[in-house]
Amino acid sequence: MKKKLEALLQQAIATLKIQGDVPDDIAVNILIERVRDPQFGDFATNLAMLLAKPAKTSPRQLAEKLIAVLPLDNTIAKVEIAGPGFINFYMDSSSQFDIVKQIHGSGSAFGLSQAGAGKKVQVEFVSANPTGPLHVGHGRGAAYGSAVADLLEAVGFDVHREYYVNDAGRQMDILATSIWLRYLEECGEPVRFPDNGYRGAYISGIAQSIHKNSGEAYRRPFAVAVQDLPPDEAQGGDKETHIDALIAKAKELLGTVAYRAVFLAGLNDILTDIKNDLNEFGVSYEEWFSEQRLVDDGSVDKALERLKNSGHLYEKDGAIWFASSALGDEKDRVVKRENGQYTYFASDIAYHMNKLDRGFDLIIDIWGADHHGYIPRVKAAIQALGADAAKLKVLLVQFATLYRGEEKVQMSTRSGEFVTLRQLRNEVGKDAARFFYVMRRSEQHMDFDLQLATSKTSENPVYYVQYAYARVCSVLRQLAEKGFTRNIALGMDNLTKLTEEHETGLLNTLVRYPEALERAALTHEPHQLILYLRELANDFHTYYNAHQFLVEDDGLRDARLNLISAAKQVLANGLKLLNINTPESM
RNA sequence: GCGCCCGUAGCUCAGCUGGAUAGAGCGCAGCCCUCCGGAGGCUGAGGUCAGAGGUUCGAAUCCUCUCGGGCGCGCCA
């Protein structure tokens, strides 16, 4: 409908240009809005106000000229000028019922569009280091990222979901060493655990299973391992230097093969856990992309070679730097350390080069908000690689603070006592978790009330929306109990009987679904869809409270059933898109 | 200190990319109620959109500054 009005206005402008009322060279972006207040009609445009200045006339005068040359058809009942120069469109009321037939005809496909057809987009999200289980912060990224991806798919994009596995680098070595030390404990070695090691209970679990499977194959005397080591933090030294030395010692004592075995045992165990966790959360990926792979296949070298050839690298203090400050970054960044090792950033450059080479039209990275300072250097890298930095869109997700009623759930990353995503799912369930995570704008800090998420009252938005769906199901069940038979065709013939205020309200909300979906997708704002669903549920509930559906009049009854079935369909489409269940009874 | 995000009703948050009288839920106040599905429904009060300037027909929205909150500023990832 909007597009139709837009086309009509475009024609009107063209006519005015020929008449000389509007300068030829002007190009406007026609904005058509749905109006909130019914007294101003159904749609409105501010076009006349925008064109008034270049046309050297007043908005209202121009609006009159526009209307005079506007090609009309029978779906438009009335066009009026109002306020400072708005053009209001009143649609013919008989067309408002078409939506019921349309939803009935399209079913689960209703609302889908082809807005992004032919465009390949990659969405990379979560990408948490495989050094431990996912926590509630990752949960929000998972819910948000998958929602963004699913929405894009719903509007026609070719979507590639990806998890970047940071399976190379120092953090992984710290993990492997931590596991090894716990393993030594299992073997009965007296171990002093390093201050910078991973302390979670899952580390011991992995160590135990290694011990169970391989016996004492990796046992080495702890005393030898810590011999001549620089002191740890608690011993008055530096924890980083200490652990690095310890890692080196572990590699030396175990040898490449054995060290690698411990390393992989840890990686596989944790990665499997993450995959299961996400799977149970309704999050799936087309690809799990290994950082190690970039190192192994020479991609990192290749990427740096490319930057070097285009003159973006230089050497200083024994390290190799990327001159990112010339491309908008605060300062230059090291890509290869003095000790010859690549930095994390180096493999990230290679990763983004890989993404670019795969020919995506749009690359979406979803990061925790604490990584925002990283954006300029990655954009700089993309530019330096000869691509358009606008191809990369970084979406940030703020952390969520958990509450149980009034009480804040304490989380301390320092002691490793964070709430895991799995714990959250166990407490509130998948549906509530997904809904709550996505309910707010991603860049907004959010308070996640665990108590509210599990409550079975209308205060709980998930419950409220799902309940609307279940209620329609219930009414349809009641139908048979009351001895009625539903006649869909009869209902369609009697749609004009739906003249109650609640009915027109519901019809108007249903019409908006495709727009709401498309907007949520294109702006990467899934909360828009949630908002819409809450509104729809509210419209349905108030209608339900105000009117009886199962009335004696066959035509009216079937018309109402068709209307609420349409609402049911749209609720289902929206909820399924967000990977939230649609229970038939609650 | 510099950079990014944020500040909207008592609370949690929307606000359609600059439009018409700034909305919703909870909470609060009053009224009704036992109805297909339950601790339900209806109505109302409540706002200097943090503050001050600016841009224009028009600003919660865009620009500048101030105040307040969060985060980031490693040859960590």
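First the proteins, then the strands, lettered A, B, ... as listed; each starts at 1. Remember, it's a predicted structure, so these values are computed and weren't measured experimentally.
Under the 3.5 Å distance criterion, with hydrogens and angles disregarded, no donor-acceptor pair is assigned to the side chains of A:Arg440 and A:His445.
In summary, A:Lys78 and A:Glu80 engage in a salt bridge, as defined by a charged side-chain N under 4.0 Å from a carboxylate O.
For A:Ser585, the side-chain contact (heavy atoms from CB on, under 4.5 Å) partners are A:Arg477, not counting sequence neighbours. For A:Glu240, the side-chain contact (heavy atoms from CB on, under 4.5 Å) partners at least two apart in sequence or on another chain are A:Arg170, A:Asn196, A:Asp238. For A:Glu500, there are no salt bridge (charged side-chain N to carboxylate O under 4.0 Å, His left out) partners two or more places apart in sequence or in a different chain. For A:Ala44, the side-chain contact (heavy atoms from CB on, under 4.5 Å) partners two or more places apart in sequence, or in a different chain, are A:Val35, A:Asn88.
The CG atom of A:Asn545 sits 18 Å away from the P atom of B:C32 (whole-angstrom rounding). As rounded to whole Å, 13 Å separates atom C1' of B:G37 from atom CG of A:Leu476. Rounded to whole Å, atom P of B:G38 lies 5 Å from atom CZ of A:Arg471. Distance OH (A:Tyr144) to C1' (B:C5): 14 Å, rounded to an integer number of Å. Here the P atom of nucleotide B:G7 and the CD atom of A:Gln398 are 11 Å apart, to the nearest Å. For A:Asn460 and B:G38, the CG to P distance is 17 Å, given to the nearest whole Å.
Taking atom P on both B:G10 and B:C28, the two are 15 Å apart, rounded to the nearest angstrom. Taking the P atoms as reference points, B:A45 lies 22 Å from B:U8, given to the whole Å. Taking the P atoms as reference points, B:C76 lies 45 Å from B:A9, given to the whole Å. With P as the reference atom, B:G69 and B:C75 are 30 Å apart, rounded to whole Å. Taking atom C1' on both nucleotides, B:A22 is separated from B:G15 by 8 Å, rounded to a whole Å. For the P atoms, the distance from B:G25 to B:G44 is 12 Å, rounded to whole Å. Atom P of B:C26 sits at a distance of 41 Å from the matching atom of B:C73, rounded to the whole Å.
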**Asked** Please, what dot-bracket string fits RNA chain B when only Watson-Crick and G-U pairs with both distances under 3.5 Å count, crossing ones use [ ] and pairs to another strand use |?
**Response** (((((.(..((((.....[...)))).(((((.......))))).....(((((..]....)))))).)))))....

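Within residues 55-66 of chain A, no residue approaches RNA chain B, by heavy-atom distance under 4.0 Å.
Aromatic ring centroids of A:Tyr467 and A:His541 lie under 6.0 Å apart.
Across A:Phe399, A:Phe436, A:Phe435, a single residue satisfies ring-ring contact (aromatic ring centres under 6.0 Å, His included) together with A:Phe448, and that is A:Phe436. Put simply, the residue from A:His352, A:Arg293, A:Gln292, A:Glu291 that forms a side chain to side chain donor-acceptor pair (under 3.5 Å) with A:Ser347 is A:Glu291.
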**Request:** Heavy atoms under 4.0 Å is the rule here; annotate nucleotides 10-27 of chain B 5' to 3' with B where the base is hit, S where only the sugar-phosphate is, and - elsewhere.
**Result:** --SSSSBB-BBB----S-

**Request:** Any chance you could list the contact pattern along nucleotides 72-77 of chain B? Use B for base contacts, S for sugar-phosphate-only contacts and - for none, protein heavy atoms under 4.0 Å, 5' to 3'.
**Result:** SSSBSB

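Mapping A:Lys456 and A:Ala546 onto RNA chain B via the closest heavy atom, the residue that lands nearer the 5' end is A:Ala546.
Among the atoms of the strands shown, base atoms are found under 4.0 Å from some heavy atom of A:Ala470. When heavy atoms are screened at a 4.0 angstrom cut-off, A:His547 is found touching base atoms of the nucleic acid. Nucleic acid contact class of A:Glu584 (heavy atoms, under 4.0 Å, all strands): base.
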Tell me which donor-acceptor pairs under 3.5 Å the side chains of residues 528-536 of chain A have, and how far apart each pair is, sequence neighbours excluded?
residue	atom	partner	partner atom	Å
A:Gln528	OE1	A:Arg519	NH1	3.0
A:Gln528	NE2	A:Glu525	OE1	2.9
A:Tyr532	OH	A:Thr509	O	2.6
A:Glu535	OE2	A:Arg512	NH1	3.2
A:Glu535	OE2	A:Arg512	NH2	3.1

Show me the side-chain donor-acceptor pairs of residues 370-380 of chain A shorter than 3.5 Å, one per line, residues at least two apart or across chains.
residue	atom	partner	partner atom	Å
A:Lys379	NZ	A:Ala389	O	3.4
A:Lys379	NZ	A:Leu392	O	2.9

Tabulate below the donor-acceptor pairs under 3.5 Å that side-chain atoms of residues 478-486 of chain A make, not counting sequence neighbours, or state none.
residue	atom	partner	partner atom	Å
A:Arg486	NH1	A:Ser565	OG	3.3
A:Arg486	NH2	A:Asn562	OD1	2.8
A:Arg486	NH2	A:Ser565	OG	3.1

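Glycosidic conformation of B:U34 is anti; the angle lies outside 90° of 0.
Between A:Tyr544 and A:Phe549, the ring planes lie perpendicular to each other; the angle is over 60°, past the 30° to 60° tilted range.
A side chain to side chain donor-acceptor pair (under 3.5 Å) check over residues 326-336 of chain A, counting only residues at least two apart or in different chains, returns the pairs A:Tyr314-A:Asp332, A:Ser324-A:Asp329, A:Ser325-A:Asp332, A:Asp329-A:Arg333.
The main-chain N or O of A:Thr131 is found under 3.5 Å from a side-chain atom of A:Tyr202 such that the two form a donor-acceptor pair.
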